[in-house]
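Please read the structure below before turning to the comments.
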Number of protein chains: 2
Amino acid sequence: MGKKQLIMERALELFAEQGFEPTSVQQITERCGISKGAFYLSFKSKDELIVALIDQFMSQMISNTDYQVTNMQNNELSLYNFYFTMFQASQKHSNFAKILMKEQSHSFNSELVLKFHDYDKLLEKTILTMTEKLFGERIENTKYDLVYCIKGFISIYSELILFNNVPVDLEQLAQSLVEKTNLLASQVTIPFVTKEIFQLRRLSKTEITNDQLLEVLEQSLNEAEEPLEQESLSLLKQHLLEPSLSPALVEGLLKNIQDYPNCKWIAFLLRNYLKLNSIK
Amino acid sequence: MGKKQLIMERALELFAEQGFEPTSVQQITERCGISKGAFYLSFKSKDELIVALIDQFMSQMISNTDYQVTNMQNNELSLYNFYFTMFQASQKHSNFAKILMKEQSHSFNSELVLKFHDYDKLLEKTILTMTEKLFGERIENTKYDLVYCIKGFISIYSELILFNNVPVDLEQLAQSLVEKTNLLASQVTIPFVTKEIFQLRRLSKTEITNDQLLEVLEQSLNEAEEPLEQESLSLLKQHLLEPSLSPALVEGLLKNIQDYPNCKWIAFLLRNYLKLNSIK
DNA sequence: TTGACAACTGACTAATTAGTCATTATTATA
DNA sequence: TATAATAATGACTAATTAGTCAGTTGTCAA
C-alpha cells in the first residue's frame, strides 16, 4: 500500500473519531508509524488531505447513485434499490459517512463548505430526477417536498445506524422507507418547498469549465491501465477539444469507461457536461 | 446587561459562525470589548461557557415542548402547534439552532456529547409521548419509526430554513408536515425501528452496567421455553455474576441461544459487553 | 565498493491557544 | 476625602499546532 493511501486510511479513522479540526498531523503520523516530514511528502498540507478524502468518497458515491438513477427501470424495485445501496454504502464507508454528518455544515474552512454544498446539490438533483422518473407529473406540486423528505429519511436513519451500535436489517429498512415514500408521493397535497425555494438553494452554482474537465480527464487517463479504458478516454478527450463524435458514439465511450473505478467520476462529469451543452 | 449575558450573546454569534473549537476566547473578548481576564471572572473556562449556553437553550426548548405536549388536547391543531412552535423557536434562536446542527455529534469533548445526547433523548421521549397521545394504540408497531420520521422532518426542514436565506411561511410548513405525519401514522405498515433499537440508543453512549445486563438476561430467562435455551441462559447468568467460563465456552452458549427470537437481544448485548470487558 | 539519488526523519520555528496573576482602575462607603 | 472592596486589565506561561529543513538512512546501478 502506498504512503498516500495509508495516510488517507488512518486519517479517516481519526477524523471520524474526532473531526477535522481537533485531529493533528502529529496524531495522523503517529498512527501511520511515519514521521511528520513523510506526511508532507505525500500532501502539501492538512487541508489538501481533507479535500482529497472528500473528493475520493463523494465523487464515488455521487457517480454511483447517479448512474443507478439514470439507468433506473420504473418498477417496484427501483426505489428499494436506491435506499438499499444508499445505506449499504454509508455502512461500508461508515468512517467517511460519520465525518459527513459531523462536518457538513462547518464553516471554519469555506472551501470545504462549498465542496460539501456542491456535492449535496448534486445528490439533491439526482434524487429529484429519481422522483420525476418514478412518479412523473402526478407529483408536480409536491416533488420538491418529496426530495426533502427522502433526504430527511436518509439523514435521520443514517444517524441511527452510524452512531448507535445497532444490529441492522438493511432490507427491512429499505422496504419500510419505500412504503413511506410511496405514501407521501401518492397522497400528499400540501406543498411547502416551492420551485423557487428549491432553486434559490443552488444559485451559487459553480459551473464546471472545459479546462477543469480536461484536467480531471487527463488525470484519469494517467491512471488508466486497460487499453479499452485508455483508448476511450483518449477519444473523449479529442471530442472535448473539438466536438466531432455523434451522441451515440459518445454514449458508447462513456459506457466503456464507467465501470472502471477511477473513471466513474469523469464519466459522470462528462455526461452532465455534454448533456448541458447540447441543450444550449 | 450583565457581563455574563453579554459574553453569552457575543459568543453565541461566534460559535454559530465558526463552531466551538475554532472560536478562541480572545475572539470572544474582543467582540465583547473586554479583556481576557474579565472573561475568566464570569466563566471558569471556555467549556463552562459552552455548557452554560447549551443548558440555557436546551432546557428552555425541551421544557417548552414537553409542557406543550403534556397539556396537549388531542385535536387537529395539536400536531400543527407542535411543528409551528418548534420551527418558530429554531428561527428565533437561529444562532443556537445552527450550533446544534453543526456540533451535535462532535466528539472532541465527551461531556458535551453526553449532554447533547441526553437532551436529544429527552426530545425523543417527548415526541414519542406525543405520538402515543395523538395516535394511540393504532400505531403500536410503527410508532418508533414515526418518531424518527418526525425527527427527520424537523432536522431537514430546519436545515433548509437556517442555512439558506429563504423566505419562509411557517404556517404552510407546519400544515404540510401535519399532513405528512398523519399519512404516515395512519397508513404505514412496515416498521423498522423496533422497541429494542429505540431503547438501545439510550444505553450505547454510557456503558451498559452489569446490573442492567442481568435485568435483560433475567427477562429472557423467564420467557425461555426450550431446555437448551434455559440452561444456556442460566450458565451465562452465572458467568456474568462470577466469570468462570473460557471464551470458547461462552461463545458456544451464545450460539446456542442466538437463534431463539427472544434471545437475540440479550445475545447481542452479551457479546458486546463481554468483548468490551475482555479487551480491557 | 562507491556514488548518486530518493525516501525519510525529528528537532526546530513561528504562530496560536487556554488560562493565570500581579497590577491598576473604579466604585461604594464612612 | 480616605479607605476598602470590587472589577478589570493585559503581559505572561505552558502547551499545542502546522509546517520546514538540515541531516540520516536505504536502495540500486555502475
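Every chain is numbered from 1 and lettered A, B, ... according to where its sequence line falls, protein lines coming before strand lines.
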Review point. Sequence neighbours excluded, which residues qualify as ring pair (Phe, Tyr, Trp, His ring centres under 6.0 Å) partners of Phe87(A)?
Key: none
What protein N or O atoms touch nucleotides 9-11 of chain C N or O atoms at under 3.5 angstrom, if any, and at what distances?
unit_1	atom_1	unit_2	atom_2	d
dT9(C)	OP2	Ser35(A)	N	2.9
dT9(C)	OP2	Ser35(A)	OG	3.0
dT9(C)	O5'	Ser35(A)	OG	3.4
dG10(C)	O6	Gly37(A)	N	3.3

**Study point:** Partner set under salt bridge (charged side-chain N to carboxylate O under 4.0 Å, His left out) for Lys36(B), not counting sequence neighbours
**Key:** none
Exercise for review: Would you kindly give the NZ-to-C1' distance between Lys4(A) and dC8(C), to the nearest whole Å?
Suggested key: 17 Å
**Study point:** Span of DNA chain D, from the first to the last nucleotide whose atoms fall under 4.0 Å of chain A heavy atoms
**Key:** dT17(D) to dC21(D)
Which side-chain N or O atoms in residues 49-59 of chain A pair as donor and acceptor under 3.5 Å with protein atoms at least two apart or in another chain?
unit_1	atom_1	unit_2	atom_2	d
Asp55(A)	OD1	Lys115(A)	NZ	3.0
Asp55(A)	OD1	Tyr119(A)	OH	2.8
Asp55(A)	OD2	Lys115(A)	NZ	3.4
Ser59(A)	OG	Asp55(A)	O	2.6
Ser59(A)	OG	Gln56(A)	O	3.3

Point to revise | Spacing of CG belonging to Leu162(A) relative to CZ belonging to Phe96(A), to within rounding of 0.5 Å | key: 12.0 Å
Exercise for review: Could you list the residues that satisfy salt bridge (charged side-chain N to carboxylate O under 4.0 Å, His left out) with Glu13(B), not counting sequence neighbours?
Suggested key: Arg10(B), Arg31(B)
Study note, to complete from the structure: Across all chains, not counting sequence neighbours, the salt bridge (charged side-chain N to carboxylate O under 4.0 Å, His left out) partners of Lys151(A) are Asp120(A), Glu124(A)
Exercise for review: Apply salt bridge (charged side-chain N to carboxylate O under 4.0 Å, His left out) to Lys4(B) and list each qualifying residue two or more places apart in sequence or on a separate chain.
Suggested key: none
**Study point:** Rounded distance in Å - OH (Tyr40(A)) to P (dA7(C))
**Key:** 19 Å
Check your understanding: Can you list every pair that meets salt bridge (Lys or Arg N to Asp or Glu O under 4.0 Å) and has a residue in residues 56-67 of chain A, with sequence neighbours left out?
Key -> none
Practice item. Check every strand shown and say whether Thr29(A) touches a base, only sugar-phosphate, or nothing at a heavy-atom separation below 4.0 Å. Key: nothing
